[in-house]
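To start, the structure itself, in C-alpha cells.
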Number of protein chains: 2
Amino acid sequence: MAMSGSSPTINDVARIAGVSKKTVSRVINRSPLLKEATREKVEKVIAELGYTPNPQARALALRRNFLLGLLHDNPNAQTVLNFQEGVLDAIRDTEFALVVRPVDRRSPDMLEDIRNFLEVQRLYGVLLLPPISENDELAELCRDMGCGYVRMGSAALDTSEHLVQSNDREVVESVIDYLVELGHRRIGLIEGPSGFRSAAERREGFRAAMKRHGLEVPETAVAQGNYRFDSGVEAANKLLQGDTQITALFASNDEMAAGAYHAAREKGIAVPGQLSIVGFDNSPIAAHIWPPMTTVSWPIREMAKSAALKLIDPGSDGAKPSTFPARLVTRDSVGPPPPTT
Amino acid sequence: MAMSGSSPTINDVARIAGVSKKTVSRVINRSPLLKEATREKVEKVIAELGYTPNPQARALALRRNFLLGLLHDNPNAQTVLNFQEGVLDAIRDTEFALVVRPVDRRSPDMLEDIRNFLEVQRLYGVLLLPPISENDELAELCRDMGCGYVRMGSAALDTSEHLVQSNDREVVESVIDYLVELGHRRIGLIEGPSGFRSAAERREGFRAAMKRHGLEVPETAVAQGNYRFDSGVEAANKLLQGDTQITALFASNDEMAAGAYHAAREKGIAVPGQLSIVGFDNSPIAAHIWPPMTTVSWPIREMAKSAALKLIDPGSDGAKPSTFPARLVTRDSVGPPPPTT
DNA sequence: ACGAAAAAGGAAACCGGTGTCAAAACGATT
DNA sequence: AATCGTTTTGACACCGGTTTCCTTTTTCGT
C-alpha cells in the first residue's frame, strides 16, 4: 500500500483493476485473447499507477534477459561509439538495455569467454561488429545458446535475418571511377588485413573498377595494412618508394589513410598536389587532418539501429538482410594528377 | 537430471550435496556461519557441476541487478571507449556486466530519463563521466534511488568514496614550466567550456604557472572552445590574429589542439617552427596528426578500473578518493620560440 | 431455448535465487 | 546425564513475473 519509492508490481495492478495477475500479464504481452473492455480497464490502471514490468522478474521467468549485447574487437573508437548510439536509438523507451563486451579476437579463449558470458547473462541477443562478425564459429555459438544475433558485415555471411550490411564494393568502385575521371591512371591500394571481409570487399571493388577502366594494378601498387595508423604509414612508404609513380591512393580505412598522409609528409610529397588520397569510414580524423580528407561515409548509426530492431522486434525490420548505402564525402585530399608525368 | 544444455541450478547442487538450498546460498555468498566441512562438501559439488548462480534470479531476490552502468555525454569517443575497457578490466571474471547509456546533458528531461532508467534497470551502480559527473542533482538522484555511483572528475566534487580523479592542475602547471624553460614567454590558452570542472582546473593550472613565472596573460591570449575540433579552429584563429605574437599555445584537449593545427596551417604558420602547441588527453589524433603532438596523457583505463572496483568491491579499493597522475608526452609539436621576435 | 464449441479469465505452480525464523546439532558446564 | 547457550542448518515464504491447466462465460447453430 505505502508505495513511496518502490514501484508498483503486477499484483498492485491486478488488485486495483480487479483482475488476476495473469490477465495483467496478458495485457502486457499483448495477448490477442483478451476482451477489449478488459484490456482497456487494465491499461487505465497501468497508466494511473505508472506501472512498468520488472525486467528482472521477466528475465527470470522467461529465462532470457532484456539485454542486448555488443560484442566487438574494433580498432576504431568512433565506429564503436556511433554504433552504440544507433543501438540506443532503437531501444530508447523500451525496457532493453545495452551491455558492451570488448573481446580479444586473438585470444585463444575468446569463444569460451563469450560462451561463459552468454550463459551467465542470458542475453536477448547480441550484435556482432566486424571483424568478429565474420567468425562463423561465433555465430554458431550464438545459435547453440539460443541467443539472437545480428552480424554487421559488408557481404553476405549468413542467412537473411541475421545480417546488416553496406555496399562497400560498389562505393569503392565509384571512388575509383571518380579518381580516373580526374585523370589518375596509376592508383595505389592500401588494403586491410586478410581475414576481414570488409577488406576483401573493398579490394575487390578496387580491382573490378581498375579492370573496367583497363588500368593495370602492378604488385608494387598494392600494400597491406592492419587498419591501424602505423600500418598505413608503413604501407604508404612501400607504395611511395622508388619508381611506382602513383598519383592517387585508396586506403581501406581512414586511419591507414592518415598514416599515408604521414608518410607523404615525411617524404615531402604534397597532398593533394602530388598525391591524392581517399580513405574509408569518415571518422573524425578524416575531417581533422590537413588537408581534410576525401573519404567514404557509411551510415553506421542507422545500421546499428536496424540491427537492434531486428533483434528486439523481428517483425518491424523484417527478415530480409538490410543493405545500407555508403557514399563518397569529397573534401580536399583529392585533386587532378600532377601535370608533369 | 538430463542436463544437456540447461545449466545446473542451486537445487541440483543442494540435492547432490545433500543439503538445503539455503546452505548452498550461504556458500555462494561466503557466509561466515558455515562449518568448514559443509562448505567444502558443497564447493566440491559446485565445482563438479560447474554451477554458476543465475544472476537474473539473484537480481530478482535482491532487488538489485549485477549491472554497472556507464552514463556519459562525452565528446571524445576514445575517452569513452578506453573507459569502457577499464571497467571491463575490473569486472572480468565476475558476474557483472557493463551497460552503457549515452545521455544528452542539454536535454531538460535528462534527469527524468536517468531516473526511469535506474528505476527499471535497478543497476548495482553507475559510473559518471565528465561532464555529467559534475552534476550534483544527478549524484543526489543516485543516492535517492539507492544506486551506487562513482564520479570521475578532476577535482573534489563529492565525499571520499564516490570519486576518482586526476591531477590536471598540477600537470598543466608543469606543461607551462616546460614551455617557459624552452624560452616561450607569450603563451596562449584555449580553454574548455564553462561548466566543465576539467576546463576550470586546466585553466587554473595555466594561470598559476604563468603567474609564478611572472608572465602576463593578456585577454587576447585566451580563447574559449567547447572541446570540439571546430571550436579549436575558431579559438586559434582568434588567438593567432593581429598582433598577439603568441609563440606557444596550450589547448585544454587534443581535439581543440588539432583545430589549432588546422588554423595555423591555414594561416601558413609553421608548427612547431613558429608556434608550439600542446594538447591534453593523448587521444589517437595527437599521435596521428602532423607533426605528432605533445600532449598530456592521463591513465583513464586505470581510473575506470578503480572506479568500477569502488562500486563492486568497496573493500578493496577503499573509501578514500583515488587520484591518478597525468603526465606529459613529448612529441614534435613543441620547439623553442622563433629567434626573430 | 439448448447444447456445444470457442473465448476469456483465474488458481496454482514455477523460474532460481534470498530472507526470516525456528529447529537441530554441538560443545561446555554442572 | 541433563541443561544451557552457541553455532549450523533447514523449511518456508517471497521477489515479480510467466506458464499450465482448468473453470467460467460468451457466442452461435439448430
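Below, all heavy atoms of this structure are taken into account, side chains as well, without hydrogens, waters or symmetry copies. Here is the naming used below: chain letters follow the sequence lines, and residue numbers restart at 1 for every chain.
At the heavy-atom level, B:Tyr51 lies under 4.0 Å from the strands shown only through sugar-phosphate atoms.
Straight-line distance from the CZ atom of A:Arg64 to the P atom of C:dG16: 16 Å, rounded to whole Å. In this structure, the CD1 atom of B:Ile28 is 10 Å from the C1' atom of C:dG16, given to the nearest Å.
First and last contacting nucleotides of DNA chain D toward chain B (any atom under 4.0 angstrom from a heavy atom, 5' to 3' order): D:dT8 to D:dG16.
Put simply, the side chain of B:Thr323 never gets that close to the backbone of B:Ser166: no donor and acceptor are under 3.5 Å apart. Judged by distance alone, with hydrogens and angles left aside, the side-chain atoms of A:Asp313 form no donor-acceptor pair with the main-chain N or O of A:Leu309 at under 3.5 Å.
Residues passing the side chain to side chain contact (heavy atoms under 4.5 Å, CB included) test with A:Leu311, sequence neighbours excluded: A:Leu68, A:Leu127, A:Val150. Partners of A:Glu137 under the salt bridge (Lys or Arg N to Asp or Glu O under 4.0 Å) rule, at least two apart in sequence or in another chain, do not exist in this structure. Every side chain to side chain contact (heavy atoms under 4.5 Å, CB included) that A:Arg301 has, sequence neighbours left out, goes to A:Glu85, A:Asp89. Take B:Arg106 and apply the salt bridge (Lys or Arg N to Asp or Glu O under 4.0 Å) test, not counting sequence neighbours, and it matches B:Asp104. Residues passing the salt bridge (Lys or Arg N to Asp or Glu O under 4.0 Å) test with A:Arg58 are A:Glu95, sequence neighbours excluded. For B:Tyr124, the ring pair (Phe, Tyr, Trp, His ring centres under 6.0 Å) criterion is met by B:Phe66, B:Phe96, not counting sequence neighbours. When the salt bridge (Lys or Arg N to Asp or Glu O under 4.0 Å) test is applied to B:Arg63, no partner is found at least two apart in sequence or on another chain. For A:Asn82, the side-chain hydrogen bond (donor to acceptor under 3.5 Å, both in side chains) partners are A:Gln78, not counting sequence neighbours.
For the pair B:Arg143 and B:Tyr149, the NZ or CZ position fails the cation-pi test of under 6.0 Å to the six-membered ring centre and within 45 degrees of the ring normal.
The rotation axes computed at either terminus of the helix from C:dA1-D:dT30 to C:dT30-D:dA1 lie 50° apart, taking five pairs at each end and rounding to 10 degrees.
Not one side-chain nitrogen or oxygen of B:Asn11 sits closer than 4.0 Å to the OP1 or OP2 atom of C:dG17.
Considering every non-hydrogen atom in both B:Ala59 and B:Asn65, the closest pair reads CB-OD1, 3.6 Å.
Using a 4.0 Å cutoff on non-hydrogen atoms, the parts of residues 52-60 of chain A near DNA chain C are A:Leu60, ordered by number.
By the neighbour-count criterion of 12 heavy atoms within 6.0 Å, atom CZ of A:Arg30 is sparsely surrounded, having that number or fewer from other residues, nucleotides or ligands.
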5' to 3', nucleotides 6-11 of chain C under a 4.0 Å protein heavy-atom cut-off (B base, S sugar-phosphate only, - none) gives --SBBB
